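In the text below, chain A, chain B and the rest are named by the order of the sequence lines, each starting its count at 1. All values reported here derive from a predicted model rather than from experimental measurement.
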Amino acid sequence: MSSGSDFSDDDRPLGAPNGSPNGRDHVNGHGHVPGQHALSASMSDDEGMSLSTSVPSRTLKRKKPIYAESSSESSEDDTPLASSPAKHATSVAIPMPGAAHATTVPTSSANGKSKAKNKASKAEPSDEYAEEGAPKRKRPVVKKEGAKPTKKKMKQESLSDDDDRGPTRKPSAPRKRKTKDESDAGSSGDEKPLAKKLAGKKARVSKAKEEPDLRKAEKSSGKSEKEGANGSPVKGKGRKKEKEEEEEVFRWWDADAQDGSVKWQTLEHNGVIFPPPYEPLPPHVKMKYNGKELDLPPAAEEVAGFYAALLESDHAQDATFNKNFFDDWKIVLKKHPPRDGTKVTTFGNCDFRPMFEYFEAEKAKKKAMSSQEKKELKRIKDEQEQKYTMCLLDGRKEKVGNFRVEPPGLFRGRGDHPKKGALKHRVRPEDIALNIGEGAPIPVPNMPGKWKEIIHDNTVTWLATWTENVNNNHKYVFLAAGSSLKGQSDMLKFEKARELKKHVDRIRQSYNADLKSKVMADRQRATVMYFIDKLALRAGNEKGSDEADTVGCCSLRCQHVTLEAPNFIIFDFLGKDSIRYYNRVPVEPQVFKNVRIFKENKDDDDNLFDRVNTTGLNKHLQSEMEGLTAKVFRTFNASITFQRLLDENNLENATLQEKLNAYNKANREVAILCNHRRTPPKTHEQSMEKVRDKYRGLKYDRMKLRHVLFKIDKKFKKNAEYVDDESDIDDDWIIAHEESLSAKEIEKAEKKFAKENEKLTEDGGEPQKESVLRERIADIEADFAALAKERGTEQAEMKREKPVEKIQESISKLTEKIKAAKLQIIDRDEGKEVALGTSKINYLDPRITAAWCKIHDVPVEKLFSKTLIVKCMFLPSVVLYLESFVRFTVPWALEVEEDWKF
DNA sequence: TTCGGGACTTAGAAGAATCACG
DNA sequence: CGTGATTCTTCTAAGTCCCGAA
């Protein structure tokens, strides 16, 4: 796909609107529109849809509107483009590209009024399913029972024009699809999988069927043994039992398909490692309360220390953080009061500084240790942790991921999480459940206590779990990213995304048709799909009031989207991790219209899509393609865009560096698409200034050379090549620059002088007189004085005569350098808040990179860090090869043929 | 139909290691 | 050969999605 789309990148920009609620100001800078498909929707005007969604459901959770200002309520047709957009909208939009392909197949169903659209489109494609190679579905189809029942078709909401209007359901229980329009979808969904299965593999079918039952049985019976017994025979096939000695590479990707539910047959591990107990501070380190030293018992001191350590961080400036910390600390203090009976009641009277300073000093001390000592310390630590790092999974040694139990501390929620600052308790063995193979030795905790529970569940991959006290979230210990388990599911993920390629045209047609559906729920869902597909937005589950207020596609509220006629939508909301998403994009007129309708009669903090939620959306997606969920679109979009961008380059005679740049550029585009950001390093501005200075220096040098030419002959001024003005270096800068140059030269001269003298004395000679140095300095100063004179004259003298051609040559060389420097500056500045890692690790199919490296003869190590490579391989023995060379590696992704395409 | 439990992926920040370079 | 910048790894928060009970 993606044929044509040209990505113009010149539009970057966007002025960042200020004031993001939580203080961060990330802005997605560009108007990139991702998916380049075209929606062929014929824009027939929809018959006057009068559906107004009247009743805005109030979102339960939302307490206070965050973006109060956003002017959004548009009620009339005409969009507001008023002020607000203008404000933000510096950005430029990029036209949605390509329009061609998907379109080609007009489907009958596309015609407007039919509400049954789903059906129609579904039917036709059936052949597609058949062709599918039938990869093993990991997610067992299982649950089909669920689907079936729905047959009920209730349908209400038909949008007959008015009545439906609504959505009527205003109830506060908002949206949530009440309707089941999905029913049809359900049914069709059913058949699909079937077809697939049939087409697919024989054995598989039976397996799939069986599994569910199996699984169920297992679950209910709990740890029962039989599951093991049952399970293994089924899938067994003897494969895993092969003699492979542990260091031999297990090529799971070649091995027989794994079933989704049973994850392992045998599992041995050493549990988790607990952090060392709290060590009280030396007696001379005491925080103060009301100016007096506070003598705290260890338990209370420990908590105070958590806070003290953050004293200079942003957290300590955060009111919520401080309050939550203080509340929790007071609870601890009640149990462990200061020894002198002081009552700690006011946060403002606390002075944690002494503790902070002690920590800083300790840090400095540690840093000052010799590298010998540091190494020794590290060795000891590694030794202690050694046994936790690996486990035995089906007889193979595999790396464990986070085997260190999270130490106690203050909860660092992102954005404005209502619980940030709360005390996270120390986790004890009593809190932890271990999952381990039956019969495997039970590890002994490295601190006093007994495990909460030992289970033997081979349908899950975790080794240990506990519940964290602040949010009651579950924490797990899993295998490392490079393990077979993770590798497998990673590969499945990408295969699923690739599968979407085959269905995406049809899916787009179908949602395009639905954009005009008379059923409000369908129309909203289609609109949601349009955004998810084009902008790679996240699904957007509902969130609770005790979490930060962030949204995804389904949970967008009216305040998050602004319409700008004729066809722009401005998104401005906080997404995952409270990262701001800002994007101004052109959309299909129908989408524009829909959003206008959806916003009608709603308040800013009402849900934009009041009839859609992620569950319903995913259910629908499943009916379009087995295993399809909203997040698959993100993976698909990222990888396919990446592949396309890489393919667009012509790297015929490119140098290695140019190739790497091209790769990184593509990577960055994807990161931007997915809105992956980072806060620029504190030092960014400063290092930016340095680069800019270098750039100006080059420009200065070139200017001087030009002036030399001008002096030789005025005619050069006419030469277009030399007219370049130095608009980016002003007089002040020139003066400063010349001064610094002169200072540098003098310093150099002094050093040289000193060195010469040293040598002379060494050889038994006499040192030179000071006057020699003074003379040299005078010369330098004279040179610079001459330069000062030249300022503004457009004429310059050359210290050493050079033929004109040489000068011209130097100028063009400088011009090149200047261009490169400029690019580098832009690059760096634009990249300052884009994080490339996340997409590289999670969204870009590593096989794209592997194949690309093969074609262009680029060593993978230049692009993938060691851990990333390991992720594509996963066995230690393989990793060793890596050091010597990638030829021998057998990571699942690195084995691809060079013509492999996503 | 909602709700919450559960398991697993995705995410940016913080910390550690390595690099570049004066 | 330190040291400041850059890159990689670790840490754990915050999502997605599924499931089953009420």
Side-chain angles (χ1 to χ4, degrees), chain A residues 24 26 60 139-140 142-143 146 173 175-180 215-216 219-220 260 263 310 313-315 363 366-367 371 374 378 401-407 409 411-415 417 419-420 424 435 457 459-462 465 467-468 470-476 478-481 485-486 489-490 493 538-544 547-548 550-552 554-555 575-579 613-619 621-622 627 629-632 634-635 671 674-679 681-684 686-687 690-691 828 833 835-843 864-868 870:
Chain A
R24 297 190 60 158
H26 284 331
L60 13 151
R139 236 170 232 297
V142 224
K143 283 17 192 174
R175 65 222 118 250
K176 257 54 209 169
R177 77 292 244 12
K178 62 150 28 356
T179 26
K180 229 348 136 318
R215 208 232 213 112
K216 258 182 202 162
K219 271 210 156 129
S220 60
K263 306 295 178 26
L310 301 174
S313 71
D314 295 346
H315 291 116
K363 249 189 251 169
K366 212 161 156 203
K367 207 163 141 210
S371 66
K374 281 190 213 162
K378 175 139 196 317
N402 52 330
F403 53 84
R404 296 178 195 88
V405 171
E406 296 178 15
F411 173 67
R412 278 130 119 135
R414 320 247 175 116
H417 191 119
K419 298 202 177 162
K420 58 161 73 165
K424 239 172 48 157
N435 187 26
D457 182 353
T459 67
V460 296
T461 66
W462 54 265
T465 185
T467 302
E468 155 266 347
V470 177
N471 297 292
N472 273 324
N473 286 335
H474 303 313
K475 300 288 191 153
Y476 297 91
F478 292 117
L479 294 195
L485 245 28
K486 295 284 192 195
S489 78
D490 220 37
K493 170 182 78 185
R538 296 189 184 84
N541 284 313
E542 298 271 336
K543 294 191 67 185
E547 302 174 272
T550 62
V551 300
C554 293
S555 50
K576 183 178 180 180
D577 290 310
S578 293
I579 296 294
N613 63 21
T614 54
T615 311
L617 171 66
N618 282 334
K619 220 178 248 170
L621 292 174
Q622 301 276 8
T629 61
K631 96 193 247 285
V632 177
R634 239 168 112 79
T635 311
C674 296
N675 202 229
H676 291 144
R677 301 152 160 290
R678 59 171 180 169
T679 40
K682 287 244 137 81
T683 57
H684 176 77
Q686 168 190 337
S687 79
K690 228 183 233 171
V691 193
R828 190 189 287 216
E833 42 181 39
L836 303 189
T838 306
S839 49
K840 207 185 258 189
I841 294 168
N842 300 302
Y843 289 103
F864 279 13
S865 68
K866 192 169 138 200
T867 37
L868 232 189
V870 171

Scan [X] against the nucleic acid and name what it touches under 4.0 Å (heavy atoms): base, sugar-phosphate only, or nothing.
X	result
A:Gly540	sugar-phosphate
A:Thr614	nothing
A:Lys576	base
A:Asn618	sugar-phosphate
A:Phe478	base
A:Lys424	sugar-phosphate
A:Gly552	nothing
A:Lys378	sugar-phosphate

Nearest-Å distance, [atom1] ([X]) to [atom2] ([N])?
X	N	atom1	atom2	result
A:Glu406	C:dA13	CD	P	5 Å
A:Tyr476	C:dA13	OH	C1'	15 Å
A:Phe403	C:dC11	CZ	C1'	12 Å
A:Lys374	C:dG2	NZ	C1'	12 Å
A:Arg412	B:dA11	CZ	P	22 Å
A:Leu836	C:dC8	CG	C1'	13 Å
A:Trp462	B:dG5	CH2	P	16 Å
A:Arg414	C:dA14	CZ	P	6 Å

Is the shortest heavy-atom distance from the side chain of [X] to the side chain of [Y] under 4.5 Å?
X	Y	answer
A:Asp577	A:Arg677	no
A:Cys674	A:Arg634	yes
A:Val460	A:Asn435	yes
A:Cys554	A:Thr614	yes
A:Leu868	A:Lys840	yes

Under 4.0 Å: is that the gap between some side-chain N or O of [X] and OP1 or OP2 of [N]?
X	N	result
A:Thr679	B:dA13	yes
A:Lys866	C:dC8	no
A:Lys419	C:dA13	no
A:Arg404	C:dT10	no
A:Arg677	B:dA13	no
A:His474	B:dG6	yes
A:Ser578	C:dA14	no
A:His676	B:dA11	yes
A:Thr461	B:dA7	no
A:Ser489	B:dC8	no
A:Gln622	C:dC17	no
A:Asn541	C:dT16	yes
A:His417	C:dA14	yes
A:Thr629	C:dT16	no

*Given that A:Val632 and A:Ser865 both sit by DNA chain C, which one's nearest nucleotide is further toward the 5' end?*
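That would be A:Ser865.
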*First of A:Ile841 and A:Lys475 reached from the 5' end of DNA chain C, by closest nucleotide*: A:Ile841
*DNA chain B: A:Ser839 or A:Thr467, which has the more 5' nearest nucleotide?*
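The 5'-side residue here is A:Thr467.
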_Comparing A:Ser313 and A:Tyr843 on DNA chain B - which has the more 5′ nearest nucleotide_ =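 That would be A:Tyr843.
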Where the side chain of [X] is defined as all heavy atoms beyond and including C-beta, which of [options] is the nearest nucleotide?
X	options	result
A:Lys631	C:dG15, B:dC8, B:dT9	B:dT9
A:Arg538	C:dT16, C:dT10, C:dA14	C:dT16
A:Phe411	C:dA13, B:dA7, B:dT9	C:dA13

*asked:* So that I can tick it off, tell me whether A:Lys475 and A:Glu468 are bridged by a salt bridge, with the cut-off set at under 4.0 angstrom between side-chain N and carboxylate O.
replied: no
_We want to know whether A:Lys576 and A:Thr550 form a side-chain donor-acceptor pair, criterion being a heavy-atom distance below 3.5 angstrom._
no
*Could you label the plane-to-plane angle of the A:Tyr476 and A:His474 rings as parallel, tilted or perpendicular, counting under 30° as parallel and over 60° as perpendicular?*
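If you compare the ring of A:Tyr476 with that of A:His474, the planes turn out perpendicular.
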